[in-house]
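Presented below is the structure to which this report refers.
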Amino acid sequence: SSPDSDGMTPELEKAGLLNKTKIAEGGRKLRKNWNPSWVVLVGNSLMFFKDPKTQNSDSWKPGNSCPESSVDLRGAQLQWANELSSKKNVFKLRTITGNEFLLQSDADTVIIEWYSTIQKVISRLDKE
Ligand code: I3S
């Protein structure tokens with residue numbers, strides 16, 4: 001049988017390295033601080049882990065440690081936001097609680113895939 005035969009383990013949709021900065025907390029603007037982040041999309045949550053390159057063990061791996069932060073995608077909004085940065089390929093994710101993140105990759109295909117995968121999850125949750 002499959003590892004998730006009980007259907008209780010949320011599906012891993014996508015994982016990879018993106019540049020990330022939080023720009024608002026509860027609607028209040030924050031100072032930008034770009035950092036590489038290991039981003040994992042599981043079920044309805046986007047989780048941010050420390051960049052594996054800055055760690056010397058396997059402790060960043062999902063399941064082996066807590067994420068640095070986690071975002072509930074229910075009611076979230078996604079939009080391209082190249083006007084908010086001098087970097088290319090930037091999109092903004094806004095949670096229902098008013099937390100805002102910019103995510104970025106220099107690779108066009110990488111950022112397009114992340115955008116569409118996150119948007120798919122948000123749209124699915126909107127229909128529930
Ligand atoms: O939108 P901003 O304020 O021009 O963003 C830049 C600054 O946050 C800058 O930090 P300091 O002003 O604290 O030195 C960052 O280093 C830049 O990366 C930010 O701009 P980009 O265009 O990279 O998002």
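Atoms within each ligand, like the ligands themselves, are counted from 1 in listed order.
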* **Heavy-atom pair of closest approach, residues Leu93 and Ala76** => CD1-CB, 4.0 Å
Give one line per pair: atom of ligand 1, protein atom, distance. Only N/O to N/O under 3.5 Å.
| from | atom 1 | to | atom 2 | distance (Å) |
| --- | --- | --- | --- | --- |
| ligand 1 | 1 (O) | Lys32 | NZ | 2.7 |
| ligand 1 | 5 (O) | Lys32 | NZ | 3.3 |
| ligand 1 | 13 (O) | Arg31 | NE | 2.9 |
| ligand 1 | 13 (O) | Arg31 | NH2 | 2.7 |
| ligand 1 | 22 (O) | Ser85 | OG | 3.3 |
| ligand 1 | 22 (O) | Ser86 | N | 2.7 |
| ligand 1 | 22 (O) | Ser86 | OG | 2.6 |
| ligand 1 | 23 (O) | Trp34 | NE1 | 3.4 |
| ligand 1 | 24 (O) | Lys32 | NZ | 2.7 |
| ligand 1 | 24 (O) | Trp34 | NE1 | 2.8 |
| ligand 1 | 24 (O) | Ser85 | OG | 2.7 |

* Asked: Looking at Arg74 and Glu128, does any basic side-chain N land under 4.0 Å from a carboxylate oxygen?
  -> yes
* Structure fact -> Applied to residues 75-85, the side chain to side chain donor-acceptor pair (under 3.5 Å) test, sequence neighbours excluded, yields none
* Asked: So how far is it from Glu113 CD to Ile118 CD1, rounded to the nearest 0.5 Å?
  -> 12.0 Å
* Asked: So, Lys22 and Glu68, do they make that salt bridge, N to O below 4.0 Å?
  -> no
* To do: Decide if atom CD1 of Ile112 counts as having more than 12 heavy atoms of other residues, nucleotides or ligands within a radius under 6.0 Å.
  => yes
